[in-house]
Amino acid sequence: QVQLVESGGGLVQPGGSLRLSCAASGVTSDYYVIGWFRQAPGKEREGVSCISSSDGSTNYANSVKGRFTISRDNAKNTVYLQMNRLKPEDADVYYCAAVLSSYGNRWCLVSGYYAYWGQGTQVTVSS
């Protein structure tokens, strides 16, 4: 059973940075995709970024391009989301998710394709 644990959320001022981590365990496939999503109360879950475990292919939501960077450390089974120049509208609960599949750029930001989810970590951007 795949388990995902997020960490790194917190309170940051606008313009600041945070790095989220997603530690995965129980992954038995060489091909999987990790995605980061965020969700505010009463709103739909939004795809933020995703990465392939095999070749490192990535995709980003337009709202975070140039500010967020996703990366992976396969030896640690951990995916990171470096968030720079944070804005108040970035404040949400951030979730990482996994699917045991080869990467697909067209779907990797769509939450419905993911089978496993972490518990979420809160990001607050406020002065």
Side-chain angles (χ1 to χ4, degrees):
Q1 181 74 5
V2 175
Q3 292 187 322
L4 304 171
V5 178
E6 303 99 332
S7 60
L11 171 64
V12 64
Q13 292 185 343
S17 299
L18 280 175
R19 189 178 80 158
L20 305 182
S21 299
C22 174
S25 61
V27 177
T28 57
S29 173
D30 290 335
Y31 296 94
Y32 60 93
V33 178
I34 298 288
W36 282 101
F37 296 81
R38 62 188 183 187
Q39 187 171 25
K43 298 181 72 175
E44 289 191 2
R45 193 163 291 187
E46 175 191 9
V48 176
S49 185
C50 50
I51 189 167
S52 163
S53 67
S54 56
D55 65 3
S57 296
T58 60
N59 198 8
Y60 295 90
N62 288 334
S63 58
V64 306
K65 279 182 181 176
R67 298 189 298 123
F68 291 11
T69 302
I70 192 170
S71 61
R72 77 197 197 282
D73 184 336
N74 285 351
K76 296 182 179 180
N77 283 342
T78 300
V79 169
Y80 304 98
L81 185 67
Q82 178 67 44
M83 306 187 295
N84 297 329
R85 292 184 281 137
L86 282 159
K87 305 175 182 180
E89 52 264 41
D90 293 318
D92 274 325
V93 178
Y94 282 70
Y95 300 89
C96 69
V99 58
L100 305 185
S101 171
S102 55
Y103 178 82
N105 206 50
R106 295 181 63 183
W107 59 260
C108 78
L109 292 178
V110 179
S111 62
Y113 285 98
Y114 288 81
Y116 306 98
W117 291 84
Q119 81 287 351
T121 185
Q122 178 73 51
V123 171
T124 303
V125 184
S126 175
S127 54

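For the single chain, residues carry numbers from 1 onward in sequence order.
Here the side chains of Ser49 and Phe68 are not in contact, with every heavy-atom distance at 4.5 Å or above. By the 4.5 Å heavy-atom criterion applied to side chains, Val123 and Leu20 are counted as neighbours. Ser25 places none of its side-chain heavy atoms less than 4.5 Å from the side chain of Asn77. Counting heavy atoms from C-beta outward, Asp90 and Arg67 have side chains that approach closer than 4.5 Å. Using a 4.5 Å heavy-atom threshold, the side chains of Ser63 and Glu46 count as touching. Contact check for Ile34 versus Tyr32: side-chain heavy atoms found under the 4.5 Å cut-off.
Classification of the Tyr95-Trp117 ring pair by plane angle, with boundaries at 30° and 60°, yields perpendicular.
Looking at every heavy atom in both residues, Cys50 comes nearest to Val33 through CB-CG1, 4.3 Å. For Ser21 against Thr78, the heavy-atom pair with the smallest separation is CB-CG2, 4.3 Å.
No hydrogens or angles considered: a donor-acceptor pair under 3.5 Å links the side chains of Asn105 and Tyr103.
Grouping the Ile, Leu, Val, Met, Phe, Trp and Tyr side chains by contacts below 4.5 angstrom, directly or via other members, places Leu81 with Leu4. Val12 and Met83 fall within the same hydrophobic cluster, defined by Ile, Leu, Val, Met, Phe, Trp and Tyr side-chain heavy atoms under 4.5 Å apart, directly or through other members. Cluster annotation: Leu109 and Tyr116 are assigned to distinct hydrophobic clusters (Ile/Leu/Val/Met/Phe/Trp/Tyr, side-chain heavy-atom contacts under 4.5 Å, transitive).
Residues meeting the side-chain contact (heavy atoms from CB on, under 4.5 Å) test with Ser101, sequence neighbours left out: Val99, Trp107.
Judged by distance alone, the side chain of Glu6 and the main-chain N or O of Gln119 form a donor-acceptor pair under 3.5 Å. Within the 3.5 Å criterion, the main-chain N or O of Ile70 finds a donor-acceptor partner in the side chain of Tyr60. Checking side-chain atoms of Asp73 against main-chain N and O of Ala75 turns up a donor-acceptor pair under 3.5 Å. In this structure a side-chain-to-backbone donor-acceptor pair under 3.5 Å is missing from Ser52 to Ser57. A distance-only check finds a donor-acceptor pair linking the side chain of Ser53 to the backbone of Asp30 [under 3.5 Å].
The CD atom of Gln82 sits 11.5 Å away from atom OH of Tyr80, with the distance rounded to the nearest 0.5 Å. In this structure, OG in Ser54 is found 6.0 Å from OH in Tyr31, a value given to the nearest 0.5 Å.
Trp36 pairs in a side-chain contact (heavy atoms from CB on, under 4.5 Å) with only one of the listed residues (Val79, Ile51, Val64), which is Val79.
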